[in-house]
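Letters A, B, ... mirror the listed sequences (proteins, then strands); counts begin at 1.
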There are 2 protein chains.
Amino acid sequence: MSDIPTIRDVARRADVSVATVSRILNGLSGYSDKTKQKVLAAIEEMGYRPNAIARSLNNRRTHTIGVLFPALNSEFSSALLHGIEDYAHRRQYSVLVCNTDVDGRRTMNYLKVLREKQVDGLIFVSEVLTDAYRTELAAMNIPVVLVASSDDDPRYPHVKVDDRQAAYDATSYLIGKGHRRIAMISGTADDPIASRPRIEGYEQALLDHGVAALPEWIAYGDFFYESGTLAMEALLKRGLDLTAVFAASDEMAAGAMHAAARAGLRVPEDLSIIGYDDIRLAMMVHPPLTTVHQPLREMGQEAAAKLLLMAESAQTARSLIVPHRIMERQTVRDINEINST
Amino acid sequence: MSDIPTIRDVARRADVSVATVSRILNGLSGYSDKTKQKVLAAIEEMGYRPNAIARSLNNRRTHTIGVLFPALNSEFSSALLHGIEDYAHRRQYSVLVCNTDVDGRRTMNYLKVLREKQVDGLIFVSEVLTDAYRTELAAMNIPVVLVASSDDDPRYPHVKVDDRQAAYDATSYLIGKGHRRIAMISGTADDPIASRPRIEGYEQALLDHGVAALPEWIAYGDFFYESGTLAMEALLKRGLDLTAVFAASDEMAAGAMHAAARAGLRVPEDLSIIGYDDIRLAMMVHPPLTTVHQPLREMGQEAAAKLLLMAESAQTARSLIVPHRIMERQTVRDINEINST
DNA sequence: CTGAAAGCGCTTACAG
DNA sequence: CTGAAAGCGCTTACAG
């Protein structure tokens with residue numbers, strides 16, 4: 001009595017075969033309306049629910065996707081996850097979250113688990129594929145989409161902004177406001193996605209406007225708040241007499257604002273700061289942070305959409321560069337006005 | 001050749017039965033060391049990985065748990081999720097995230113999906129159980145743990161702080177700093193977990209210190225930033241001449257700080273503010289927010305630990321009230337000093 | 001120490 | 001329109 005009813009129990013009760021119940025459950029054809037009513041009634045009475053595990057064993061589809069993040073506890077990740085989960089749910093898929101913790105071993109471990117659990121697809125967030133991952137992915141033979149990252153292998157499409165261009169635009173924006181002495185707070189030096197291209201965009205913008213780009217104008221952090229404070233302090237110590245800073249993440253920008261305040265600098269009166277990401281934090285700091293907006297939620301949705309497309313049609317999706325834009329708030333001062341006054 | 005190898009393929013290759021391969025895979029006894037080597041070699045050569053779906057069908061255990069959140073994109077949720085995921089992973093469990101979106105229908109929908117997918121347990125975050133949920137949960141017959149919420153049913157243990165006491169302590173802290181004209185920004189009025197007890201704690205602290213607790217000193221928000229700004233503005237409009245505010249979430253506290261600044265009030269010089277949660281935002285706003293610390297990450301871990309205990313031992317875990325504490329930063333001014341100067 | 005066989009709860013040709 | 005039966009990839013008594 002306390003046993004969970006199976007399709008057999010339903011069949012017995014409705015006095016039909018399990019095949020018929022299965023057909024009705026799956027909306028296939030091949031039964032009279034009378035039979036259908038009888039079966040539906042039995043299902044209702046018994047409180048029957050199909051076992052998705054058993055179903056998956058036949059179908060070889062679990063309607064579950066895996067998402068790998070390097071850091072779960074950042075707004076960046078949760079905004080993306082929100083978008084992914086949203087789309088997946090709409091399409092009746094579930095999402096398994098994996099926190100790789102910026103650690104290769106944990107990623108490999110997760111890949112093995114996800115393989116065993118037969119997920120229908122995988123989304124990598126902010127992670128660069130190593131050869132080991134590639135080997136494992138090839139063996140898994142399921143669709144993969146990268147978010148805020150990219151790979152040369154066409155089998156692994158990505159969804160991201162044009163980081164180089166976005167950094168170029170952020171820097172140009174500062175220049176447009178009359179700034180010339182612009183420093184940058186970059187993320188981890190060796191990150192080929194979120195650091196190198198942004199540095200290049202920053203340098204290119206300076207060069208295109210006749211400003212020299214010097215290494216000592218760049219300080220390195222790790223994208224998190226504390227490192228932004230440290231980087232800003234380092235920059236200040238160098239005595240560069242700067243008027244503006246471009247930070248490669250909003251958290252680092254907030255950290256920089258903190259360091260500036262501690263050094264007696266007012267933002268934006270004494271120092272202008274522009275961030276990157278436009279996570280909710282940006283609008284919650286004071287003054288609200290001018291930053292490069294990345295449509296994180298949409299990026300998550302797009303990535304999920306591509307993944308499911310690949311999972312259900314076996315075709316490979318195309319990469320997508322989503323538009324970024326400068327979100328003007330109150331941390332950048334226009335010095336042009338001052339000069340012309 | 002491109003087919004994924006199964007346990008049968010391994011058995012054939014190692015020239016043993018599938019039963020033997022299964023035993024070796026599961027670390028059971030009953031085979032010679034020579035056989036073991038042979039099988040392990042075959043597994044290695046073929047790149048075989050057991051199919052967890054098939055295994056689950058036998059075991060009736062999926063080693064997967066579900067977590068339901070009302071809002072994925074808040075630091076509050078992601079800190080909890082981080083703790084849950086962390087513990088689950090250590091114990092070889094996977095976690096399925098569900099964003100219920102403050103919407104009953106979506107919760108019921110998720111419960112059905114999680115039931116079909118045969119999760120081994122469920123964690124509800126910040127959600128009050130309705131009768132409909134209870135019915136479904138009873139039918140699922142799997143362990144459930146509540147986080148930042150609670151329920152009278154002893155089958156559903158919880159992990160949370162003592163909200164009433166925490167609010168009492170926050171308010172008392174303000175009083176200890178010489179404040180008497182203390183307003184409160186509460187969360188959604190009808191929330192029996194995160195609103196009622198905190199309001200009671202606030203009022204009790206006032207009363208215990210001989211200060212009248214009046215309804216007009218309370219403004220209501222929804223825990224998010226924007227509502228904090230609005231609530232603060234409403235409070236200011238009432239002309240209460242207040243010196244301090246207790247906000248029931250850090251986001252609302254940050255919003256209140258914003259409104260205060262816009263009204264020309266300096267924090268903490270003109271207005272003291274204390275928040276609730278101690279999410280990372282609290283240390284990133286300026287000045288850093290004094291707040292009630294909830295050990296979110298640990299709460300997530302504890303909840304997961306209780307859930308797995310229940311899932312694996314069939315005993316029911318006990319509820320846990322975790323310790324909160326006042327995290328002193330820079331948004332509360334001590335007026336005692338001033339008065340005595 | 002080892003294997004044949006039943007079974008987990010479904011789906012899906014196949015036959016009627 | 002309907003059912004018997006094989007099969008999905010494992011595990012687990014049971015027998016030897």
Nucleotide nearest [X] (side chain, heavy atoms from C-beta), chosen from [options]:
X	options	answer
B:Val16	C:dG3, C:dT11, C:dT12	C:dG3
A:Asn58	C:dT2, D:dC10, C:dG9	C:dG9
B:Thr20	D:dT2, C:dT11, C:dT2	C:dT2
B:Asn59	C:dT11, D:dT11, C:dG9	D:dT11

Rounded off to whole Å, could you give me the [atom1]-to-[atom2] distance for the [X] and [N] pair?
X	N	atom1	atom2	result
A:Ile7	C:dC8	CD1	C1'	14 Å
A:Arg49	C:dG9	CZ	C1'	16 Å
A:Gln37	D:dC1	CD	C1'	15 Å
B:Leu28	D:dT11	CG	P	9 Å
B:Lys38	C:dT2	NZ	C1'	10 Å
A:His63	C:dC10	NE2	P	16 Å
B:Asp33	C:dT2	CG	P	10 Å
B:Glu116	C:dC10	CD	P	10 Å

Start with the C-alpha gap between A:Leu307 and A:Val144, add the side-chain angles, then the distance that decides, and say whether side chain to side chain contact (heavy atoms under 4.5 Å, CB included) holds.
CA-CA 7 Å; A:Leu307 190 71; A:Val144 173; 5.5 Å; no
Return the pairing partner of C:dT2 with a 3.5 Å limit on both distances, Watson-Crick or G-U wobble; otherwise return none.
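Per the H-bond distance test, D:dA15.
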Using a cut-off of 4.0 Å on non-hydrogen atoms, how would the nucleic acid contact of A:Thr35 be classed: base, sugar-phosphate, or nothing?
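Since only primed, P, OP1 and OP2 atoms lie under 4.0 Å of A:Thr35, the category is sugar-phosphate.
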With heavy atoms under 4.0 Å as the rule, sort B:Ser22 into base, sugar-phosphate or nothing.
base
Spell out yes or no: do the side chain of B:Arg23 and the base of C:dG3 have one donor N/O and one acceptor N/O closer than 3.5 Å?
yes
OP1, OP2 of [N] versus side-chain N and O of [X]: anything below 4.0 Å?
X	N	result
B:Ser32	C:dT2	yes
A:Ser17	D:dT2	no
B:Thr6	D:dG9	no
B:Arg60	C:dG9	yes
B:Asn26	D:dT11	yes

Is a donor from one side chain sitting under 3.5 angstrom from an acceptor on the other, for B:Ser150 and B:Lys160?
no
A:Val95 versus A:Ala88, closest heavy-atom pair with distance
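Closest approach of A:Val95 to A:Ala88: CG1-CB, 3.9 Å.
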Above 12 or not: heavy atoms from other molecules or residues under 6.0 Å from CZ of A:Arg61?
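Counting neighbours around CZ of A:Arg61, more than 12 heavy atoms of other residues, nucleotides or ligands fall under 6.0 Å, so yes.
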Between A:Leu68, A:Val67, A:Leu296, A:Leu80, which is the residue that forms a side chain to side chain contact (heavy atoms under 4.5 Å, CB included) with A:Val147?
A:Leu80
On DNA chain C, nearest-nucleotide positions of B:Leu57 versus A:Leu25: which is more 5'?
B:Leu57
Evaluate the salt bridge (Lys or Arg N to Asp or Glu O under 4.0 Å) criterion for residues B:Asp131 and B:Arg134: first the C-alpha distance (whole Å), next the side-chain angles of each, then the deciding distance (0.1 Å), finally the verdict.
CA-CA 5 Å; B:Asp131 286 343; B:Arg134 281 207 184 75; 3.4 Å; yes
